[in-house]
Every structure is written in C-alpha cells, then in structure tokens.
Amino acid sequence: NLSATLILKLEVTVFRPLSFEVPKPLFPVAGVPMLQHHIEACAKVPNMKEILLIGFYQPNEELNRFLLNAQQEFKISIRYLQEYAALGTGGGIYHFRDQIVSGSPEAFFVLNADVCSAFPLTEMLRFQKEHGEPNSFVILGTTANRKQSMNYGCIVENEETNEVLHYVEKPSTFVSDIINCGIYLFNPDIFQHIGAVFQKNQQDIQLRDSEPTNGWHRAEAIRLEQDIFTALAGQGKLYVYKTLSFWSQIKSAGSAIYASRLYLNQYHTTHPERLATNKEGSPKITGNVYIHPTANIDPTAVLGPNVSIGTGVTIGAGVRVRESIILHGANLQDHCCVLNSIVGWDSTIGKWARVEGTPSDPNPNDPYAKIDSETLFREGKLTPSITILGCNVTIPSEVIILNSIVLPHKDLNRGFKNQIIL
C-alpha cells in the first residue's frame, strides 16, 4: 500500500500577475496544469492507493473541478486537505498524520508542488528497498554547480552507502553540490521525528511566553528541511537517491517557460500524442509544440520551439511564436511576433506588434546549471526577464512590448520597455 501526499506550498506572490486568475499549482505548463504532472507520475506507481493534497490555499471552484476530473482520468482517490494556517513542509503532513496513516500505507511520497521533474518514484522505491534498514527515508537529490548549490538544501552523502551524513538548508558557504529536489519517500515512522520537534517547540514556547498567543500554530509550523533532515542526518535513517533526469524549481512565471521546455521534451517518450506535427494545411512547427485541439491557427503561422497554446486561442496569418506560453482565449492577430513571453487569458495582440522578453534559462553549457531565482529589481532597475501579459490585456497594432509585466485588464496605447505597467 502506498499513498502520495503532494504538499501544495502556495506562495502566490511570485507568480503574479498570473496567479490572480488561477492558483499557481493549476497554471498550465506544457499544456496541462502544473500539478497534473505530479499526479500522472503518482498514478503510475504500482499499489498507489490515494493522493492527498495539503495546502493553506482556500479551495475554489477551479481546484475542485480539477480534482474531480483528475480522479476520473487517473482512477485514484484524490483529496485536498486545507491547513488552518501555513504550517511549513513538515507541519502540514504532521497536522494531517491521521489522514495519511488511515489507509495504513507502508510508505508515502511527499512532493512539493513547485518543482518540475521526471519524478522517478518507482526508482526511489527500488532504491529504498536496497539501502538502509526497512524503515529508512529517501530524499531525491540532483547535482548543481558549486555556486548555485548554496540556494538549495545541500546534502553530504556517504558515497558508498548513499546515506545522508550532513544536511544544510541554503548554506552561506559551499557544502556540497548534491541538492534536495523537494521529493521524498517516507513511512509512518517520520511522524515520531516530527512529533519530537513539535513537543520541543511547545516546551520552548511555554518557557518563553507566560501567555502564549497562537502558541499551537507556532509549535506546529515545522520545516522538514531545517527541523527534521538536519537532525536525522548521520543517524543511519536518511538516504539520498541521485537522479540524472531533469529537475527544476518553478518559483516565478519566468521559470514556467523553462519547465514547459523540460516537460515538452519528455513528451517524446511519455505523451507523443501531445506534440504537434507538421501536416498539410496546419501551421509550421519547429521543435516541441503543444497545441490544444480547440485552438484556431492560420496555416501560415510558425510556432516553436517550446511553445504551448491553450484552449480556444486564435492565431492569425504570418504570426511567429517562440519559447512562449499562450493561455486560453488569447488572440494573436496577423503578423505579430511573440518571443519569450507568457500571454494571459483572453488577451489580444494587435497586427504587426512585437511582444518580447529575455529568457532566464540556466547556462546551456553547464550540465549542472539550475535556473536562478531572479530578483525582480537589480540596482533600482527592472531585471530583464520574460514579458508577462496578465489576463484581458490589449496590445495595439505595430508597437513593441519588451521585458515588461502588464497587469490584468489593461488597454495599452503605445509600446513599453523594461516596465511594470500597473
């Protein structure tokens, strides 16, 4: 018996202006909601009994509809458990521990919602059987370059046994180039370790505060990485499975285009039917492109590489789209050009207009490079990044929009460069 707990860590802010319309985990990456990639991977694992989503996010119509459709499509029970406050990566699963162990699973996976990965879950199960005692825990790790590793949780391993000897979250100096991917394989024993931290937190709060305000919440806000892994390292309990397949964080909207590229590339083996092909009377496709069947595209358009086109999108004659995500209902009029951009729901781009951003991809010459979490501003200026149009934005004909972020429901009357248009 297995269960998967997807922890929905919902930091909505970094995904604005796109998260105004849809919660970040439902943002489409490579044509399907970000979370669906996680759920597809979990549904493929033999004996997987249920999937639990945990988050502080207020469930809405869209999330409920997504869960209902996913349950029918993947024939597996999927439930959403809402935290009463943001409890951190460990606090959430500890708070709902009774729900997690109610089906008496031998083991369960915990996946963070904001990562994109090939999710080698069956490999992690096999690895767990071969490493350590029957009740050991496994972290999925990958190799980063030295400089970037310090932005992640760093793992020092015993190279022969793969045991985690030392774990440091975002160290200030170099510790190791093996980083934590935010994908874990646990068994119910983990709750004893989290429980010990919870108890200790409660005692600390009682000692410090004579009248603790929201003390329970503060005791229950537990981080798996800093509070649990750091303590478990070196005790023969925690192991790292290093993957060579792709992995990236999806922190900002810019990283969604990169994640889209990784998933579209994986479709060659997992979902070839999702990739568009060159056919008579259809647009010219270069590289990997996803087109929703309801999109209406002029055959003289040229799309790709790394493009995904949502439901009901209209694309006119001679349009060029590259390295971009076009969301549902958008209208790209004749001969416009869209590069390194996300075009929001129901937006319109006028004829001969050019909408262009600057990609924030990792260095292609470094196999271990990861995407940098860009700061929005550098030295008082907007960092050149992908261009994002919020929903229902109108771009006039024959203008250039470069490296800009346009908030929803704006009718622009001229071109803009390096600006946030509020």
Side-chain angles (χ1 to χ4, degrees), residues 10-31 33-34 114 116 248-264 290 303 306-311 313 315 319-333 336-350 353-361 371-378 381-396 399-422:
L10 291 177
E11 302 118 2
V12 181
T13 45
V14 288
F15 230 65
R16 291 189 176 135
L18 299 165
S19 52
F20 289 143
E21 305 306 312
V22 57
K24 177 177 160 182
L26 296 187
F27 184 81
V29 173
M34 202 190 289
D114 58 359
C116 102
S248 177
Q249 258 182 335
I250 309 181
K251 280 283 186 233
S252 63
S255 48
I257 292 185
Y258 178 61
S260 209
R261 174 176 333 152
L262 297 176
Y263 279 136
L264 285 171
Y290 167 86
L303 311 177
N306 182 22
V307 167
S308 48
I309 309 280
T311 48
V313 167
I315 295 184
V319 169
R320 178 75 179 101
V321 184
R322 191 177 79 204
E323 298 280 343
S324 295
I325 297 174
I326 314 295
L327 297 165
H328 73 73
N331 179 3
L332 276 52
Q333 295 179 357
C336 70
C337 177
V338 179
L339 314 170
N340 302 307
S341 300
I342 296 179
V343 177
W345 300 268
D346 299 319
S347 287
T348 300
I349 299 178
R354 184 181 181 92
V355 175
E356 183 174 2
T358 301
S360 45
D361 288 2
I371 201 153
D372 274 322
S373 44
E374 276 293 332
T375 48
L376 200 52
F377 295 97
R378 213 177 7 218
K381 289 198 184 77
L382 188 61
T383 316
S385 182
I386 68 154
T387 286
I388 302 170
L389 309 183
C391 75
N392 213 343
V393 165
T394 305
I395 306 291
V399 301
I400 295 179
I401 306 291
L402 185 66
N403 301 342
S404 293
I405 296 173
V406 185
L407 267 68
H409 309 291
K410 295 259 164 289
D411 266 356
L412 302 189
N413 52 9
R414 61 180 182 85
F416 288 90
K417 293 183 183 178
N418 308 312
Q419 287 189 47
I420 296 180
I421 300 145
L422 300 165

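Atom CG of D114 and atom OG of S248 lie 10.0 Å apart (nearest 0.5 Å). Interatomic distance, CD1 of I349 versus CD1 of I395, reported as 6.0 Å (0.5 Å rounding). The line from CG of D411 to CG of N392 is 8.0 Å long, rounded to the nearest 0.5 Å. From I325, atom CD1 reaches atom OG of S260 across 4.5 Å, with rounding to the nearest 0.5 Å. We find the OG-CZ distance between S308 and R261 to be 12.0 Å, quoted to the nearest 0.5 Å.
Panel note: side chain S341, backbone L339; a donor-acceptor pair is recorded below 3.5 Å. Here the side chain of T387 pairs no donor or acceptor atom with the backbone of L402 at under 3.5 angstrom.
The side chain to side chain contact (heavy atoms under 4.5 Å, CB included) search around N340 returns E323, P359, not counting sequence neighbours. The side chain to side chain donor-acceptor pair (under 3.5 Å) check on T348 picks up nothing, with sequence neighbours excluded. Applying the ring pair (Phe, Tyr, Trp, His ring centres under 6.0 Å) criterion to Y258, with sequence neighbours excluded, gives no partner residue. By the side chain to side chain contact (heavy atoms under 4.5 Å, CB included) test, V321 pairs with L303, V307, V319, S324, I326, L332, V338, sequence neighbours left out. Remark: A259 pairs with V29, C116, I250 by the side chain to side chain contact (heavy atoms under 4.5 Å, CB included) rule, at least two apart or across chains. Among residues two or more places apart in sequence or in another chain, the salt bridge (Lys or Arg N to Asp or Glu O under 4.0 Å) test is passed with D346 by none. Take C391 and apply the side chain to side chain contact (heavy atoms under 4.5 Å, CB included) test, not counting sequence neighbours, and it matches E21, W345, P408, H409. Taking R354 as the reference, E356 meet the side chain to side chain donor-acceptor pair (under 3.5 Å) condition, with sequence neighbours excluded.
For L327 against P28, the heavy-atom pair with the smallest separation is CD2-CG, 3.4 Å. The two atoms that bring C336 and G350 nearest to each other are CB-O, 3.4 Å, heavy atoms only. Nearest heavy-atom pair across N306 and I257 is ND2-O, 3.2 Å. Pairing each heavy atom of I342 with each of A253, the nearest pair is CD1-O, 3.5 Å. Minimum heavy-atom separation, S347 to V343: CB-CG1, 4.0 Å. The heavy-atom pair separating A353 from P396 by the smallest distance is CB-O, 3.6 Å.
Applying the salt bridge (Lys or Arg N to Asp or Glu O under 4.0 Å) rule to pairs touching residues 381-392 yields nothing, sequence neighbours excluded.
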Compile the donor-acceptor pairs under 3.5 Å between side chains in residues 413-421 and protein atoms, sequence neighbours left out, one pair per line.
from : atom 1 : to   : atom 2 : distance (Å)
N418 : OD1    : N403 : ND2    : 3.3

